[in-house]
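A short write-up of the structure that comes next.
So you know, we letter chains A, B, ... as the sequences are listed, proteins then strands, and number each from 1. For clarity, every value in this text was computed on a predicted model and none was experimentally measured.
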There are 2 protein chains.
Amino acid sequence: MSTNASIQFSPVPSSKAHSHPVPLHPLTGTIELTGAPMSFPRNAEIYGENEPADYLYKVISGNVRTYRVLNDGRRQIGAFYLPGDIFGLEVGAEHQFSAEAISDAKVLVIKRSALVGLANRDGEVARQLWSFTARELRRVQDHALLLIKSAQQRVASFLLEMAERAAHADTIELPMSRQDIADYLGLTIETVSRTLTQLETEAAIALPTSRRIVLRNRRALNELNA
Amino acid sequence: MSTNASIQFSPVPSSKAHSHPVPLHPLTGTIELTGAPMSFPRNAEIYGENEPADYLYKVISGNVRTYRVLNDGRRQIGAFYLPGDIFGLEVGAEHQFSAEAISDAKVLVIKRSALVGLANRDGEVARQLWSFTARELRRVQDHALLLIKSAQQRVASFLLEMAERAAHADTIELPMSRQDIADYLGLTIETVSRTLTQLETEAAIALPTSRRIVLRNRRALNELNA
DNA sequence: CGACCATTTGATATGGATCAAGCGATGTGG
DNA sequence: CCACATCGCTTGATCCATATCAAATGGTCG
């Protein structure tokens, strides 16, 4: 046990999922688990809330949202997943959220049992499963903190988060609609839209198109971010 | 590996913390980790945000809150921990929240390294560390969902949560102040207070004293809970 | 009893929601 | 290639839930 392995999934040219992982990548020292690449059109469901969580997923291309719906019909988006991100890993038997493709997306589908089996034999893999869930926990904690902030603060936090994750430049290409953003931030589309124009007026951002956002004054956004 | 052990911490009569766990309790099949019992007076800090997370804790008596403070001075309470609950377990090096005793509290202090060391040798322990973090994740996900509900819904959810955890009857003895509740629900004390009186008016609850709450109509509360 | 702190209650303000209309981009059929 | 429908987004007008500011009440402890 105790390699410096990190959980890392790579697609296998042409195969269906099977449960015999190649233990270690010779160069990167990362575990390569096999999985079936699978494509989902825009808005297609990848899995539903309360469905058996027999698989987890890694985004290859496109984007994914997870969400829950309240009984009054409102939707809360739990997270956005970008290429390279892993989602849908559960400890319990069922998925806690539903998952949908935001744009046409390709994802790698991995059998959870394969990974858990590997973790039983390799303590380092076990530690990384734990570590992944802990990272997810921190993300949700930050999300909860976001939900008590003002609309300006929420939008600023969101833009900074997306800039850090998607672009590493100052121009963000948003894959999701205003409604998706609103449901992630706990606001309405109107408030998101108004807040963006307000930030534009204050010269904190520019909006060349509605889906493209340029961060013009990170300092100002960070001060909101708090 | 793979006992049916569950992580279970019991105080040891008179000892400081050391790192040699007794592997298995003969009767319950649960691992008994030693730890130092420690007392904290009301409002005392148990640990601070960003401090090294070398220890985790189990509540023996009293109650604990974890929280973060925004740069504008507002406080968000992340969780309340009741007797039997474990808190302060991190995967990373530092605590993500601060922890304080709500009432005079006794907690068992456990060295994380002891537990992690055990997990390296016993896959079942490793699985339970993971499982604990996953449970915490679900709790925070539910908390995030709560934060987009109306004041009535938040208060109702809170009461039902406390009833389930603390009492298993219909009378709850709240250990925390209105301010604590407000900071947990993302509301002001005034709104919490008004909402409680409103629920009392609607005969959903009774308030014999400000800290004692009787659930009179769970159905009504559950409908709010959504 | 009196001081202090937690809680409730009242009056008013306000940020964001809601309702409604306009606008711009994209796509479709004639 | 253009008229027009559609969809996503923005902007405007108004409303409302909760915050804020302020005062009264109640419970606890010296």
Side-chain angles (χ1 to χ4, degrees), chain A residues 42-43 63 65 70 72-77 102-104 146-159 172-202 205-213 224, chain B residues 41-43 63 65 70 72-77 102-104 146-159 172-202 205-213 224 226:
Chain A
R42 190 166 120 84
N43 294 327
N63 304 92
R65 62 179 169 249
L70 301 206
D72 64 8
R74 278 180 309 149
R75 180 183 69 157
Q76 182 178 55
I77 289 192
I102 292 175
S103 47
D104 291 357
L146 184 153
L147 293 176
I148 68 165
K149 297 180 184 177
S150 71
Q152 272 221 355
Q153 291 175 322
R154 293 187 213 191
V155 171
S157 299
F158 170 73
L159 294 178
I172 319 168
E173 205 67 43
L174 295 177
M176 72 290 285
S177 70
R178 293 287 187 269
Q179 188 63 61
D180 286 339
I181 298 171
D183 291 348
Y184 180 66
L185 299 181
L187 300 170
T188 59
I189 46 173
E190 292 95 330
T191 297
V192 171
S193 182
R194 276 187 248 273
T195 303
L196 285 171
T197 36
Q198 190 185 347
L199 289 173
E200 189 182 30
T201 307
E202 297 166 1
I205 63 170
L207 287 155
T209 77
S210 70
R211 298 288 185 106
R212 177 173 302 134
I213 295 184
L224 285 174
Chain B
R42 191 168 118 83
N43 293 327
N63 305 92
R65 63 178 168 249
L70 301 205
D72 64 8
R74 278 180 309 149
R75 180 183 68 157
Q76 181 176 57
I77 289 190
I102 291 175
S103 48
D104 291 355
L146 184 154
L147 292 175
I148 68 165
K149 298 181 184 176
S150 73
Q152 273 223 353
Q153 290 174 321
R154 294 187 213 191
V155 171
S157 300
F158 171 72
L159 293 178
I172 320 169
E173 204 66 43
L174 295 176
M176 72 290 285
S177 70
R178 294 287 187 269
Q179 187 64 61
D180 286 340
I181 299 171
D183 291 349
Y184 180 67
L185 299 181
L187 300 170
T188 59
I189 46 173
E190 292 96 329
T191 298
V192 171
S193 182
R194 275 187 248 271
T195 304
L196 285 171
T197 36
Q198 191 185 345
L199 289 173
E200 190 182 29
T201 307
E202 296 166 2
I205 63 171
L207 287 156
T209 77
S210 70
R211 297 288 184 106
R212 177 173 302 134
I213 295 183
L224 285 173

Between [X] and [N], is there a contact of a side-chain N or O with OP1 or OP2 at under 4.0 Å?
X: B:Arg211; N: C:dA6; result: no
X: B:Ser210; N: C:dA6; result: no
X: A:Thr191; N: C:dA17; result: yes

Tell me the interatomic distance from [X], atom [atom1], to [N], atom [atom2], rounded to whole angstroms.
X: B:Leu174; N: D:dG27; atom1: CG; atom2: P; value: 17 Å
X: A:Leu187; N: C:dT18; atom1: CG; atom2: P; value: 11 Å
X: B:Ile181; N: C:dA6; atom1: CD1; atom2: C1'; value: 12 Å
X: A:Arg74; N: C:dG16; atom1: CZ; atom2: P; value: 16 Å
X: A:Ile189; N: C:dT18; atom1: CD1; atom2: C1'; value: 11 Å
X: B:Gln198; N: D:dT18; atom1: CD; atom2: C1'; value: 12 Å
X: B:Asn43; N: C:dA6; atom1: CG; atom2: C1'; value: 13 Å
X: A:Gln179; N: D:dT10; atom1: CD; atom2: C1'; value: 14 Å

task = Locate the shortest heavy-atom distance separating B:Ile102 from B:Pro175; write the atom from each residue and the value.
result = CG2-O, 3.3 Å
Classify [X] by what it touches in the nucleic acid, base, sugar-phosphate, or nothing, heavy-atom distance under 4.0 Å.
X: A:Thr209; result: nothing
X: B:Ser177; result: sugar-phosphate
X: A:Leu196; result: nothing

Set of residues satisfying side-chain hydrogen bond (donor to acceptor under 3.5 Å, both in side chains) with respect to B:Arg154, sequence neighbours excluded =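 side-chain hydrogen bond (donor to acceptor under 3.5 Å, both in side chains) check on B:Arg154 returns nothing, list empty.
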inquiry  = Taking side-chain hydrogen bond (donor to acceptor under 3.5 Å, both in side chains) as the definition, give me every residue that meets it alongside A:Arg42, ordered by chain and number, with sequence neighbours left out.
reply    =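 Scan of A:Arg42 (side-chain hydrogen bond (donor to acceptor under 3.5 Å, both in side chains), adjacent residues dropped) gives none.
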Donor-acceptor pair, side chain of B:Arg178 and main chain of B:Glu190, under 3.5 angstrom =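 No, B:Arg178 side chain to B:Glu190 backbone: no donor-acceptor pair under 3.5 Å.
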key: Any donor-acceptor pair under 3.5 Å from A:Arg65 side chain to A:Met176 backbone   = no
note = A:Thr188 has its side chain closest, among D:dT18, C:dT7, C:dT18, to C:dT18
task = Please tell me which of the listed nucleotides, C:dT9, D:dC9, D:dT18, lies nearest to the side chain of B:Thr197?
result =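 Closest nucleotide to the B:Thr197 side chain: C:dT9.
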ask   = Does A:Glu190 or B:Arg194 map to a spot on DNA chain C nearer the 5' end, using the closest nucleotide for each?
value = B:Arg194
